[in-house]
Amino acid sequence: MSVQIIGAGAVAEEPRPGGCDPWFDPAAHLGRRGWKYLTPATRYLLAAGNEALGRRHDDPPLTGTAAERFGVVTGTQYAIARVHHRMNSVLSTEGVHGISPAEVPGFSMNTPGSQLAISTGARAFSVTLTNPVTAGLEAVQFAVTALRTGRADTVVAAATDQAPEDHGGSGEYDAAAAVVLSVRGRTPGPAGAARPLATVTGGLSRFLPPGPAGDADPAALAASAARVAALARGTGGVRLAVGAPPAAAPLATAVHDAVTKALADDGTPVRDPAAGGIRPARHCAASGLLDLVTLARAGGPALLLSISELGHLTAIGLHSADTVGSEFI
Amino acid sequence: MTVVVTGLGAVSCFGSGTGALWEGLLGASRRPDPAPDVCGLPARPHLYAAPDTGGPEGGTGRTGALLATAVAEAVAEAGLTPQDLCDAGLTVGTSLGDIDLAERPEGTAPPFPATHRVTASLATRFGIGGPGQTLSTACSAGAYAVAWGAELIETGQADIVVACGGDAFSRVAVGTLERFGLLDGECCRPFDADRAGMVTGEGAAALVLESAASAERRARPAQAVLAGHGWSCDAHHPMAPEPSGEQLRRATARALAGLGTTPGAAVLHRAGVALNDTVEATAVSEAVTAAGGTGGEVLGYAPKAVMGHTAGAAGVFGCVIATLVLRHRLVPPNAHVTTPDPDCPLSVPLDGPAPLPRPSVLVSGTGFGGNNAVLTWRAAA
């Protein structure tokens, strides 16, 4: 079974010295109506999801069998942070009557993903994953697994976050990203018969708790690196990109070196090392998926890892779109 | 690939341990206590509170502490060694994570603490090195955590998965639910015709899921066998269920297809919210009928009457209770029913534990966003 990326979309706030203007114009992405009461993270997700699916926000949702074969999986770590912070303050100052009915749905981690499911008509499933940093790439792993087990024919794997503070005040920035994944040969689904961007060779998730010096247990690290390198077998060489927040830099370096060695042991060369390497994950749980969108659009084999300072590691392997028969690992 | 249960853990308003849980369910008398905070309301709302299970460690909040208690019990019962755990998976259902870290008095904590790091905390504490995900599909998060754990095993990504769920008291959650009339001021009474909403509860539950081959290799007895699981999304409304229940019925049908027979009992999501309760019972009954049985042959059970709605833990509690029902071949009585709901097509045991008519149990989970997951379990051979 071969899973392909048949669409991609992204919106991201980039660091701008002294910039205080809003970076995202919802009307430009979603039209004039239908988003006023949605949280910023939900608006970002709808924009990225619609772009990936090649649809407009006011297009009708899928119905019938097509809807039942279409799923959504969303990564986020801060979906409720600001809404909760405000509600908690209001409870202390005004009591519950200070809470508006319109803001209540925003107090649920799954609301961005649920709004995307409602808007597009995704009835196979709508699942939200919430591990810090890695949830976005985990969405891809989840989607590939669900496609493999026949729970859907097409899945949007997405991620969205509004950083806790505006304009990078916490060192993190707003973003959403989405890819549309489909099984080769099955119904194209809502994205239509788009030309695929890439084939997903597989995905995996491991946990490597950093020790006191920030690195991982050597045996566990080597075992995980070997599994990651196996995602690149048969590619003839990959770009290797590791995304991690600054706090995870020692772990990311250790993982990068271990995977490089495991690839060498497997006889898989690392291509264009200057373009890969360790990338700063500044966009919360959307970071890994943003990198995936970039790599998929660039084309060619790639191995992408997302690492959190807590020790979560998620890896996704990509191959050229015309690759047939890649098996899930 | 067959997935079995080899360990259980729970901490709830009944205290720590699945023994306390089962006794509490059989007792069918528990009522909620006043919540620890007034939640911006005129008086303290109700809460089925869990006991303290030890101080938070390493930045973990109350939910993380409850989860650690439940996971420790399940891991011990399954006899998992550090070597077993280093490749095991970990799936955690939680709605709000360690939300207490973000509800401390202003100025005593960072404004945006990391609430959703419970999986990393558990993985570090227990040395669980395989795939680890936190699932937050609102109130069906626990059901999805178990289903995703099974999916990891069924696709060969893990032989063993610790699937768990937990949520603790949140003043914002309780205040908001009260503000919009979703809480019953008396207690949780899901099968009573006069039910008036949910009552929140605290707790955590855990299952050790394992491939049958792995359990056999480790010589651990299977306590229950996963027969099937179905997923669906209403794609209808961010908070309310789709009234026809079509998608929940579809998820139920897939779970029943794996079972191949009418389940003896159904541990329902049923939380005392009339529309949601009716949609769920009708969907389950219709799916059972479409598979050749009748709703009246199934004993419906709503544990939230005596332990409250534990949010992201609820679906895992449902699976733990299903396993206990299969172990004891009994369905606990439904509590706090004065006038039975006349619209429920399932049989509803009220007066005492009822013998389980067939050795299989269905567990349903629904949540905000119309996120549905249904699992079916059967007794081990």
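In what follows, chains carry the letters A, B, and so on, assigned in the order in which the sequence lines appear, proteins first and then strands, with residues in each chain numbered from 1. Since the model is a prediction, treat every value here as computed from it, not as a measurement.
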Worksheet item: Looking at A/Gly121, A/Ser92, A/Ala67, which one has more heavy-atom pairs under 4.5 Å with chain B than the rest?
Response: A/Ser92

Discussion item. Let's test your reading of the structure: which of B/His236, B/Glu178, B/His237, B/Gln247 forms the most heavy-atom pairs below 4.5 Å with chain A?
Written reply: B/Gln247

Worksheet item: Under 3.5 Å, side chain of A/His97 to main-chain N/O of B/Leu41, donor-acceptor pair present?
Response: no

Worksheet item: Between B/Gly175, B/Ala138, B/Ala141, B/Gly367, which shows the greatest number of heavy-atom pairs under 4.5 Å with chain A?
Response: B/Ala138

Discussion item. Just verifying a value: how many Å separate B/Cys86 SG and B/Phe126 CZ, rounded to the nearest 0.5 Å?
Written reply: 15.5 Å

Fill in: Side chain / backbone / both / neither for A/Thr93 at chain B, heavy atoms under 4.5 Å
neither

Worksheet, complete the sentence: Most contact-rich option vs chain B, by heavy-atom pairs under 4.5 angstrom, among A/Pro132, A/Ala79, A/Ser89, A/Ala220, is A/Pro132

Worksheet item: Hey, which of A/His84, A/Glu138, A/Met109 has the most heavy atom pairs under 4.5 Å with chain B?
Response: A/His84

Discussion item. Between A/Thr130, A/Thr74, A/Thr128, A/Val72, who has the most heavy-atom pairs with chain B when the cutoff is under 4.5 Å?
Written reply: A/Thr130

Practice prompt. Against chain A, label B/Ala373 side chain, backbone, both or neither, depending on which of its atoms sit under 4.5 Å from a heavy atom there.
Written response: neither

Worksheet item: How long is the gap from CG on B/Asn276 to NE2 on B/His269, to the nearest 0.5 Å?
Response: 8.0 Å

Fill in: Contacts with chain B made by residues 306-316 of chain A (heavy-atom distance under 4.5 Å), listed by residue number
A/Leu310, A/His312

Fill in: Heavy-atom pair count under 4.5 Å with chain B, highest-scoring of A/Asn131, A/Val90, A/Ile99
A/Asn131

Discussion item. Within this structure, what is the OG1-CD distance for the pair A/Thr120 and A/Gln115, rounded to the nearest 0.5 Å?
Written reply: 10.5 Å

Worksheet, complete the sentence: dist A/Phe70:CZ -> B/Cys233:SG (nearest 0.5 Å) comes out at 10.5 Å

Worksheet item: Roughly how far, to the nearest 0.5 Å, is the OH atom of B/Tyr144 from the OG atom of A/Ser126?
Response: 8.0 Å

Worksheet item: Which bit of B/Ile128 is near chain A, if near means a heavy-atom gap under 4.5 Å: side chain, backbone, both or neither?
Response: backbone

Worksheet entry | Winner by heavy-atom pair count (cut-off under 4.5 Å) against chain A, out of B/Ala173, B/Pro113, B/Gly370, B/Gly230 | B/Ala173

Practice prompt. Select one option (side chain, backbone, both, neither) describing which atoms of A/Ala81 are under 4.5 Å from chain B's heavy atoms.
Written response: both

Worksheet, complete the sentence: Bottom line for A/Glu94: the part with an atom under 4.5 Å from chain B's heavy atoms is neither

Worksheet item: Salt bridge check: are A/Asp174 and A/Arg43 linked by an N-O gap of less than 4.0 Å?
Response: no

Discussion item. Under 4.5 Å from any heavy atom of chain B, what part of A/Ser100 do you find: side chain, backbone, both or neither?
Written reply: backbone

Practice prompt. Pick one of side chain, backbone, both or neither for B/Asp87, based on which atoms fall under 4.5 Å of a heavy atom in chain A.
Written response: both

Worksheet item: Is it the case that A/Thr149 and B/Glu154 place a side-chain donor and acceptor less than 3.5 Å from each other?
Response: no

Worksheet item: Quick one: does B/Asp37's side chain have a donor or acceptor within less than 3.5 Å of a partner on B/Cys39's backbone?
Response: yes

Discussion item. Please evaluate residues B/Ser121 and B/Thr60 with respect to the criterion side-chain hydrogen bond (donor to acceptor under 3.5 Å, both in side chains), reporting the C-alpha separation (whole Å), side-chain torsions for both, the decisive distance (0.1 Å), and the verdict.
Written reply: CA-CA 7 Å; B/Ser121 301; B/Thr60 298; 3.2 Å; yes

Worksheet entry | Side-chain donor/acceptor of B/Ser140 to backbone N/O of B/Ala143, under 3.5 Å | no

Discussion item. Can you confirm whether more than 12 heavy atoms, excluding those of A/Tyr37, are under 6.0 Å from its OH atom?
Written reply: no

Worksheet item: Do you know which of A/Pro105, A/Ala117, A/Gly95, A/Ala124 has the most heavy-atom pairs with chain B at a distance under 4.5 angstrom?
Response: A/Ala124

Worksheet item: Does any heavy atom of chain B fall under 4.5 Å from the side chain of A/Leu129, the backbone, both, or neither of them?
Response: both

Item to complete: Quick one: list whatever passes side-chain contact (heavy atoms from CB on, under 4.5 Å) with A/His57, sequence neighbours left out.
Response: A/Leu30, A/Leu46, A/Asn50, A/Ser119

Item to complete: Give the intermediate values and the outcome of side chain to side chain contact (heavy atoms under 4.5 Å, CB included) for residues A/Val104 and B/Phe180.
Response: CA-CA 9 Å; A/Val104 172; B/Phe180 296 103; 3.1 Å; yes

Fill in: Members of residues 163-172 of chain B whose heavy atoms come closer than 4.5 Å to chain A
B/Ser170, B/Arg171, B/Val172

Worksheet, complete the sentence: Applying ring pair (Phe, Tyr, Trp, His ring centres under 6.0 Å) to A/Phe142 and not counting sequence neighbours gives A/Phe125, B/Trp148, B/Trp231

Item to complete: Please answer whether the main-chain N or O of A/Ala143 pairs with a side-chain N or O of A/Arg151 as donor and acceptor at a distance below 3.5 Å.
Response: no

Item to complete: Look at B/Gly130, B/Pro238, B/Ala251, B/Gly369 and state which one has the largest set of heavy-atom pairs under 4.5 Å with chain A.
Response: B/Gly130

Worksheet item: Does any heavy atom of chain A fall under 4.5 Å from the side chain of B/Asp234, the backbone, both, or neither of them?
Response: backbone

Worksheet entry | Separation between OG1 of A/Thr76 and CG of A/Asn110, rounded to the nearest 0.5 Å | 10.5 Å

Fill in: Least distance between heavy atoms, B/Ala311 atom then B/Ser95 atom
CB-CB, 4.2 Å

Fill in: Structural part of A/Ser114 lying under 4.5 Å from a heavy atom of chain B
side chain

Discussion item. Quick check on the interface: out of B/Met239, B/Gln133, B/Glu246, who has the most heavy-atom pairs with chain A under 4.5 Å?
Written reply: B/Gln133

Item to complete: Using atom types as modelled and distance alone, determine if a side-chain donor or acceptor of A/Thr111 lies under 3.5 Å from a backbone N or O of A/Gly106.
Response: no

Practice prompt. Dump the intermediate steps for side-chain hydrogen bond (donor to acceptor under 3.5 Å, both in side chains) on B/Thr155 and B/Gln157, then the final yes or no.
Written response: CA-CA 6 Å; B/Thr155 54; B/Gln157 298 181 69; 2.9 Å; yes

